[in-house]
There are 2 protein chains.
Amino acid sequence: MCQAGGMRADARKNYDHLLEVARGVVAEHGADASLRDIARRAGVGLGTLYRHFPTREALLEALLRTSFDELTAHAADLERTGTPEEALLTWVRDCTRFTTTYHGVTEIMVAAIEAPDSALHASCVALRAAGARLLLRAQEAGVARPGMDGTDLFALIAALAWLGDQAALAPRAEHLFDVIAVPALGGRDVVRGTA
Amino acid sequence: MCQAGGMRADARKNYDHLLEVARGVVAEHGADASLRDIARRAGVGLGTLYRHFPTREALLEALLRTSFDELTAHAADLERTGTPEEALLTWVRDCTRFTTTYHGVTEIMVAAIEAPDSALHASCVALRAAGARLLLRAQEAGVARPGMDGTDLFALIAALAWLGDQAALAPRAEHLFDVIAVPALGGRDVVRGTA
DNA sequence: TGACACACGGAGCACCGCTCCGAATATTCT
DNA sequence: AGAATATTCGGAGCGGTGCTCCGTGTGTCA
């Protein structure tokens, strides 16, 4: 979207390199990593970084775009190949797992979904829509709680991802998924073992 | 614990005033408010603030201590006066409501529960214990999901409080409570209306 | 090859957390 | 009362941050 064809050669090189370096730094230090540090490690002036990515969110958007697209595509796959219940649960699980990849991304995502100006807005809305489809399908099949909408599902995923981001709770992330997400979605109760 | 008897008069005055000012600033700007700003507004040097509250968490601890104590006491009350199910649900609701009072406190609380050196550690552990009692009582009465422990409950409360802290989701905080917390706790399903 | 538009880099501003120490002052002792 | 002492005060200073702005350097195209 940004690195369109009409871009000077040196500019494109810096853009790509910056993105590559940023991926590493963000993976290590989280979404609020020092932009100055990213520029420094990329051997590039701070102004260069800000011209290519005028906003921290613009940088994150470039970083996450492909993963987001994969997740929405994944939802479509599951909708075609799996049972409604299974599809919903595994997609939610995969979403929370991915969101935990970069620390601090969750917060930015939930902020973006209600902020049309955010660079991440479109991606987040698409993600919510994909989840809503899966949820609706499961509800129609009677295997998911009615009275829940796409935003609720988005919030549920965000909450679980946030829990996984907290060092103190990360070890029991999967258990928390069983204890919180599964009953909330109305799926088979893996803890009680009843219906 | 800090403002013991043996304190110089001017020191005590500064301590109290600082705390009062901090309450306002934290209420307005959240848990990561500028300490410099707090000192400035209190008409006090930065060194003074740091001597009385060597750590941001120490300041928050002083700010939240009484509320925490009230919440644990509240749990004991509910245990005595209410049904196991009702007691658990209302306590969890009250906890999440309070935690949302100061923005950003949730994150610090979950970090504190596994960090014995944190000034907030004791309070958080006490809170978890109070919740665990209520949970156990409800489990024994068969109105709460087994396989859940005090830490899970703490995490659930934290997740809900975090959701309530997000501007984009705050309006549906109560709905999210019904959709996430109620089924997770195994209480009556207010959405479906079935057992 | 020359001209021009564009990209580059970093100095600069205001803010942050946190430390450290000379100056001021409450307290206590004589 | 006045002096000695122990504490407290306050802010300068350090290294970091986000972000802007503009003189300089350099690809690109006629």
Check this for me, if you would: do B:E79 and B:R137 make a salt bridge, where the nitrogen-to-carboxylate-oxygen distance has to be below 4.0 angstrom?
no
Under 4.0 Å between a Lys/Arg side-chain N and an Asp/Glu carboxylate O for B:E61 and B:R56?
no
Atom-to-atom span, [atom1] of [X] to [atom2] of [N] - whole angstrom:
| X | N | atom1 | atom2 | answer |
| --- | --- | --- | --- | --- |
| A:H17 | C:dC8 | NE2 | C1' | 16 Å |
| A:I38 | D:dG16 | CD1 | C1' | 15 Å |
| B:L18 | D:dC9 | CG | P | 9 Å |

Measure up the A:F68 and A:F98 rings against each other and bin them: parallel (under 30°), tilted (30 to 60°), perpendicular (over 60°).
perpendicular
Quick check: are there more than 12 heavy atoms from other residues, nucleotides or ligands sitting under 6.0 Å from CZ of B:R128?
yes
If the cut-off is 4.0 Å, is B:N14 near the phosphate of D:dC9, judged by side-chain N/O to OP1 or OP2?
yes
Under 4.0 Å between a side-chain N/O of B:H52 and OP1 or OP2 of D:dC9, yes or no?
yes
For the pair B:Q166 (side chain) and B:W162 (backbone), establish whether a donor and an acceptor sit closer than 3.5 Å, ignoring hydrogens and angles.
yes
Measure the shortest side-chain to side-chain distance between [X] and [Y] over non-hydrogen atoms and say whether it is less than 4.5 angstrom.
| X | Y | result |
| --- | --- | --- |
| A:I38 | A:L59 | yes |
| A:L185 | A:M148 | yes |
| A:H121 | A:D117 | no |
| A:E20 | A:H17 | yes |
| A:N14 | A:M7 | no |

Please round to 10 degrees the angle between the axis of the first five pairs and the axis of the last five pairs in the helix from C:dT1-D:dA30 to C:dT30-D:dA1.
10°
Could you walk me through whether B:F177 and B:V92 pass the side chain to side chain contact (heavy atoms under 4.5 Å, CB included) check?
CA-CA 10 Å; B:F177 183 88; B:V92 168; 3.8 Å; yes
When you compare the protein's N or O atoms with those of nucleotides 13-20 of chain C, which come within less than 3.5 Å of each other, and at what distance?
from: C:dC16; atom 1: OP1; to: B:S34; atom 2: OG; distance (Å): 2.7
from: C:dG17; atom 1: OP1; to: B:A33; atom 2: O; distance (Å): 3.4
from: C:dG17; atom 1: OP1; to: B:L35; atom 2: N; distance (Å): 3.2
from: C:dG17; atom 1: OP1; to: B:R56; atom 2: NH2; distance (Å): 3.4
from: C:dG17; atom 1: OP2; to: B:L35; atom 2: N; distance (Å): 3.3
from: C:dG17; atom 1: N7; to: B:R36; atom 2: NH1; distance (Å): 2.7
from: C:dG17; atom 1: O6; to: B:R36; atom 2: NH2; distance (Å): 3.2
from: C:dC18; atom 1: OP2; to: B:Y50; atom 2: OH; distance (Å): 3.4
from: C:dC18; atom 1: N4; to: B:R36; atom 2: NH2; distance (Å): 3.1

Pairs under 3.5 Å (N/O, protein and nucleotides 21-30 of chain C):
from: C:dT27; atom 1: OP1; to: B:A9; atom 2: N; distance (Å): 3.4

